[in-house]
Amino acid sequence: METMTSKRTKGAGALVLLLCFLMSVLLSACGSPAAGAADELDGTATITKYYTYGAFFRAEGTADLSGLDLTAKDIDGAALQLRTGNGEEDRISFDVPFSVSGKKLSFRTAKHLDEGLCLDTLETGDTAAFLELTGKDGGTTLLALTDGTGTEKTGPQDAIDYYTLPYGHHGHRNVTTSFERAGTAETLVFHTKRSRLPKDVYDIVVDPGHGGKDPGAQSGSYKEADVVLDIGKKVADDLERAGYKVLLTRDGTEDPNVNMAYTEYDKDGRVNLTCGSRAKLALSLHLNYNDHSSQNGVQIYRANGAGDDFAKSIADELVAATALDYSTMAGRSVNGVYRRTFSNRDIREAQSKARQKGYTFYRVSTSTDYYFMIREYGCLATGAYVDGRNPDYGTNEYRTFPQGVESCLCELGFLSSEHDRQTLLNDQRSIARAMTRAVDTYIAGLHETPGPQTADLLAKETL
Ligand SMILES: [Zn+2]
């Protein structure tokens with residue numbers, strides 16, 4: 001009997017195990033945050049373009065209101081809804097800018113390139129994304145976000161494969177995107193897992209300007225290229241001590257006869273190096289020059305489409321920790337923060353150069369960033385293009401890459417100013433420390449941006 005009982009128990013045990021296995025398969029299929037929303041979906045919206053800029057994910061898209069029984073007048077707000085599970089508590093929504101023209105609603109996930117969904121704040125596991133429209137009557141319409149980019153995702157050049165920045169006690173995490181079944185539609189899903197940084201992926205790029213045959217600005221015996229290299233090495237050291245993985249675009253061993261302007265786009269040139277690094281932030285270091293030696297101060301240039309936060313953090317820390325002042329030059333958006341886009345004159349000049357050399361000038365507008373260290377490092381996000389497709393230059397292999405580096409061109413001071421020169425030559429350690437603090441401050445701030453809240457995230461991860 002005992003043998004029988006034990007046999008029966010074993011048989012029952014096996015059956016229970018099999019049932020458990022089947023249940024878990026079923027549960028995991030229904031349990032995915034994308035599939036779990038299937039019953040609530042009212043339709044679809046289409047993502048026409050998506051990419052990352054720095055630590056932010058950004059999508060632009062449209063929704064056809066005619067099939068949804070909605071008009072512009074009915075809609076009160078649009079939000080990106082993120083779901084990590086199927087409970088109420090697993091949802092978070094944040095408002096996104098939108099406009100309606102006729103029956104077409106257009107949306108983007110944030111006003112500025114470096115706002116909105118910070119990928120560093122995603123929980124490990126899957127996060128499904130939806131567009132949620134709120135009606136004036138208080139009702140909501142939930143739309144799946146389908147892929148309307150028209151490009152096949154085949155390789156690293158067109159898929160998002162993002163690595164988070166180190167923050168607090170967190171190690172790195174890897175975020176990839178795909179479109180997954182949600183009932184009859186597919187929606188955007190972020191997959192987040194703990195991961196080491198691959199060998200070729202970095203957190204931050206430090207880019208000492210000029211080099212080789214190009215000395216940059218010169219004042220007496222001082223060359224911009226040499227001074228920013230000294231400072232750049234110290235900044236890189238300091239950032240590494242703070243726990244970041246840093247890529248230095250040149251270390252002074254480059255051929256002194258090489259024309260850096262023509263090699264920026266080589267495979268090992270600063271453009272392809274920076275874009276390929278999948279770093280989140282880049283600091284391009286430069287010094288100003290003016291015939292009037294009284295002109296001085298810090299000017300941090302940011303992308304036209306970005307907000308002021310990162311550049312402001314750099315300018316503020318430099319002014320607080322060194323004898324450098326904010327530049328008084330006109331055109332700043334806040335103290336020490338500037339941007340430069342192509343002027344109509346810049347466009348005319350570039351076009352006439354293209355005609356002379358016999359190549360087609362790439363389409364740029366007065367909102368295109370002028371400095372290549374901002375434009376090209378930002379890849380798709382900043383509308384990167386190859387400088388006039390000049391055959392003397394190489395190619396930016398990453399100009400349509402969906403992962404842009406948030407870059408600031410840091411004019412640390414004027415080499416022509418006696419006042420600035422004292423600091424630029426003799427207080428480089430303080431400059432390096434100030435820049436590291438600026439990076440730390442900015443990254444800490446990223447974790448307070450809309451999106452899944454860091455406090456919750458930290459609590460969950462310690463469990
Ligand atoms: Zn320069």
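Order of appearance sets the numbers: ligands from 1, and atoms from 1 within every ligand.
- Counting only protein atoms, the N, O or S atoms lying less than 2.8 Å from the Zn ion (ligand 1) are H210 NE2, E224 OE2, H286 ND1, ordered by chain and residue number.
- The only member of T44, T187, L133 that meets side chain to side chain contact (heavy atoms under 4.5 Å, CB included) when paired with L143 is L133.
- For E224, the side chain to side chain donor-acceptor pair (under 3.5 Å) partners are H210, H286, not counting sequence neighbours.
- The shortest side-chain heavy-atom distance between T164 and L119 does not fall under the 4.5 Å cut-off.
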Subject >> N272 vs D266, side-chain hydrogen bond (donor to acceptor under 3.5 Å, both in side chains): CA-CA, chis, key distance, verdict >> reply: CA-CA 7 Å; N272 285 309; D266 282 0; over 6 Å; no
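- The pair D309-K312 fails the salt-bridge criterion, with no side-chain N (NZ, NE, NH1 or NH2) lying under 4.0 Å from an Asp/Glu carboxylate O.
- At distances below 3.5 Å, not a single donor-acceptor pair connects side-chain atoms of Q295 with backbone N or O atoms of N290.
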